[in-house]
Protein chains: 2
Amino acid sequence: MGISERKLREKESRKNNILDSAEKLFFSKGYRDTTMDDIASSAELSKGTLYLYFKSKDEVYFGIALRAIVKLSSMFRVAFISSNFGFIKLNEIGRAHYKFMMEYSDYHKVLSSLSSIDIDLTIASDILMQIGINNDLIAKTMTDSILIGMQDGSIRPDINAEKLCYLLQAESNGVFDMIQQVKCLPKEYQKFDPEELFTTFLESAFYYMKNPNFNYEEIGLKLN
Amino acid sequence: MGISERKLREKESRKNNILDSAEKLFFSKGYRDTTMDDIASSAELSKGTLYLYFKSKDEVYFGIALRAIVKLSSMFRVAFISSNFGFIKLNEIGRAHYKFMMEYSDYHKVLSSLSSIDIDLTIASDILMQIGINNDLIAKTMTDSILIGMQDGSIRPDINAEKLCYLLQAESNGVFDMIQQVKCLPKEYQKFDPEELFTTFLESAFYYMKNPNFNYEEIGLKLN
DNA sequence: ATAAATAATGACCAACAGTCAGAAAAGAGA
DNA sequence: TCTCTTTTCTGACTGTTGGTCATTATTTAT
């Protein structure tokens with residue numbers, strides 16, 4: 001049946017059109033000030049039709065969050081394969097995350113606002129499930145990097161890899177959120193350079209993770 | 001004028017009654033599902049009167065956030081004076097924050113949800129300003145601890161104190177948010193023990209901050 | 001006792017998320 | 001090409017809720 005396939009494609013592309021419109025509106029006016037009527041008319045649809053494709057306003061927002069986390073996790077994968085050494089993999093993942101936050105700051109905000117007061121994450125939702133899958137993928141990429149690093153000697157082996165992964169995720173989320181916040185402040189209120197905070201974070205994290213018996217210069221790294 | 005003073009006291013206590021009611025409702029039903037009518041009737045007030053004391057629903061929420069951060073910053077002060085050594089001060093501050101998150105988890109959630117999609121922090125608001133003041137106080141308590149630690153030798157002096165303060169704040173926010181999230185999951189989904197993540201965090205942070213020339217055992221600390 | 005000021009009320013309004021009966025379009029079968 | 005069925009689309013409508021305001025009640029000052 002070629003027809004039902006085409007219909008599926010059309011449905012998917014319609015969903016994407018809606019998300020395109022919603023994205024622009026959410027990013028420029030914010031979640032609260034964007035109405036479903038706004039989104040509908042921007043996507044050249046009636047409100048009723050909009051609700052055929054997304055069952056609530058939150059669901060639309062989740063759709064954008066899914067785009068965001070898919071982008072992020074793919075950047076993590078690219079960073080992962082950039083080197084064979086676990087330590088460098090992790091380093092590159094950190095830089096990828098920083099790049100994501102700088103280049104796709106709106107996406108970053110969406111992701112960090114997901115666990116906010118006004119969104120119910122407990123509802124059953126296909127999109128929310130896919131977000132969870134990507135989240136797990138991100139965690140796996142990091143854990144794998146750590147395990148590989150422990151094997152090749154570039155990361156100290158006496159910590160639990162999974163625990164370290166969660167610690168790094170938690171810490172970096174906090175650091176990126178703060179950088180994001182500071183970036184939105186007027187220049188004269190910015191008490192520090194965002195990039196500098198990130199650099200210090202990387203430095204401190206890797207200071208904790210490095211293996212004292214490993215020769216980092218051999219793999220082209222200078223560590224203090 | 002004793003009368004106007006009494007009136008001011010009454011107004012303050014009325015505000016507190018409202019916040020008491022609002023707190024219970026927000027904490028049990030969530031922000032979205034709590035209506036201003038709910039709060040009004042729970043505080044035995046008409047809606048119009050409620051709006052005499054708080055000019056919006058957000059403002060009520062800010063009022064609760066103010067209670068939260070006042071509590072947190074006072075716990076920080078107590079931790080600060082618990083020792084003379086900067087390193088121990090910081091350590092106690094970290095533990096105080098952990099205690100706050102465990103004992104006042106609802107307050108913690110309020111604070112971490114403040115920078116969420118659905119709240120406009122740019123509006124002019126007296127309460128929001130007071131929150132800012134307490135936030136600065138917290139930052140100052142931490143920065144002072146660091147500076148004292150650098151003076152007494154318990155913290156390595158080759159880092160910028162203010163930058164370190166922001167890094168610690170950012171990291172711990174991230175870590176506590178993750179712990180909070182995990183705590184809300186059903187036990188079988190919890191991949192790690194919250195306390196353990198916190199311990200590892202403290203360990204890694206202090207590993208970075210410690211001064212190699214300082215004898216920690218002399219002040220009763222065993223560091224690995 | 002009366003006027004002035006302050007506090008409280010609840011009916012009312014506008015905005016908005018979400019619904020649904022019916023119209024329009026697309027597809028299948030002849 | 002015509003007709004019946006299924007799918008897609010529509011926009012008027014509903015219920016809820018944040019916020020307002022003219023009016024009433026209470027307190028204070030004279």
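Just so it is clear: chains get the letters A, B, ... in the order the sequence lines come, proteins before strands, and each one is counted from 1. Just the heavy atoms: all of them, side chains too, but no hydrogens, waters or symmetry mates, feed the values below. Fair warning: this is a prediction, and the values are worked out from it, not measured in the lab.
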Worksheet item: What's the CZ-C1' distance between R6(A) and dT8(D), to the nearest Å?
Response: 12 Å
Worksheet item: Of the nucleotides dG19(D), dT17(D), dT8(D), which one has an atom closest to the side chain of L52(A)?
Response: dT8(D)
Fill in: Interatomic distance, D58(B) CG vs dT17(D) P [rounded to whole Å]
16 Å
Discussion item. Considering only residues two or more places apart or on different chains, which pairs with a residue in residues 124-140 of chain B satisfy side chain to side chain donor-acceptor pair (under 3.5 Å)?
Written reply: E59(B)-S125(B), S73(B)-N134(B), D126(B)-Q130(B), K140(B)-D144(B)
Discussion item. If the condition is side-chain hydrogen bond (donor to acceptor under 3.5 Å, both in side chains), which residues does D37(B) pass it with, not counting sequence neighbours?
Written reply: K47(B)
Practice prompt. Mind calculating the distance between CE (M36(A)) and P (dG11(D)) to the nearest angstrom?
Written response: 16 Å
Worksheet item: In residues 13-20 of chain B, which residues come under 4.0 Å of DNA chain D by heavy atom?
Response: none
Practice prompt. Please state how far atom CD1 in I123(A) lies from atom C1' in dA17(C), giving the value in whole angstrom units.
Written response: 14 Å
Discussion item. What is the distance, to the nearest angstrom, from the CG atom on D37(A) to the P atom on dT10(D)?
Written reply: 13 Å
Worksheet, complete the sentence: Y53(B) meets the ring pair (Phe, Tyr, Trp, His ring centres under 6.0 Å) criterion, sequence neighbours left out, with none
Worksheet item: Who passes ring pair (Phe, Tyr, Trp, His ring centres under 6.0 Å) against Y98(B), sequence neighbours left out?
Response: F198(B)
Discussion item. Suppose the criterion is side chain to side chain donor-acceptor pair (under 3.5 Å): which pairs have a residue in residues 167-176 of chain B, not counting sequence neighbours?
Written reply: none
Practice prompt. Mind calculating the distance between NZ (K55(A)) and P (dT19(C)) to the nearest angstrom?
Written response: 11 Å
Worksheet entry | For S41(A), side-chain hydrogen bond (donor to acceptor under 3.5 Å, both in side chains) partners two or more places apart | none
Discussion item. Using the ring pair (Phe, Tyr, Trp, His ring centres under 6.0 Å) criterion, which residues pair with Y166(B)? Sequence neighbours excluded.
Written reply: F192(A)
Worksheet item: Do any side-chain nitrogens or oxygens of T49(A) fall under 4.0 Å of OP1 or OP2 in dT10(D)?
Response: yes
Worksheet item: In whole Å, what is the span from the CG atom of L50(B) to the C1' atom of dA7(C)?
Response: 14 Å
Worksheet entry | Gap between atoms CD and P, on E10(A) and dT7(D) respectively (whole Å) | 15 Å
Fill in: D106(A) and R67(A) ion-paired at < 4.0 Å
no
Worksheet item: Is the phosphate of dT8(D), meaning OP1 or OP2, less than 4.0 Å from a side-chain N or O of Y53(A)?
Response: no
Discussion item. Assess the residue pair Y207(B) and S204(A) against the criterion (side chain to side chain donor-acceptor pair (under 3.5 Å)); give the C-alpha distance rounded to whole Å, side-chain angles, the decisive distance to 0.1 Å, and a yes or no.
Written reply: CA-CA 9 Å; Y207(B) 182 73; S204(A) 73; over 6 Å; no
Worksheet item: What are the residues of residues 40-48 of chain A, sorted by number, that bring a heavy atom to within less than 4.0 Å of DNA chain C?
Response: K47(A), G48(A)
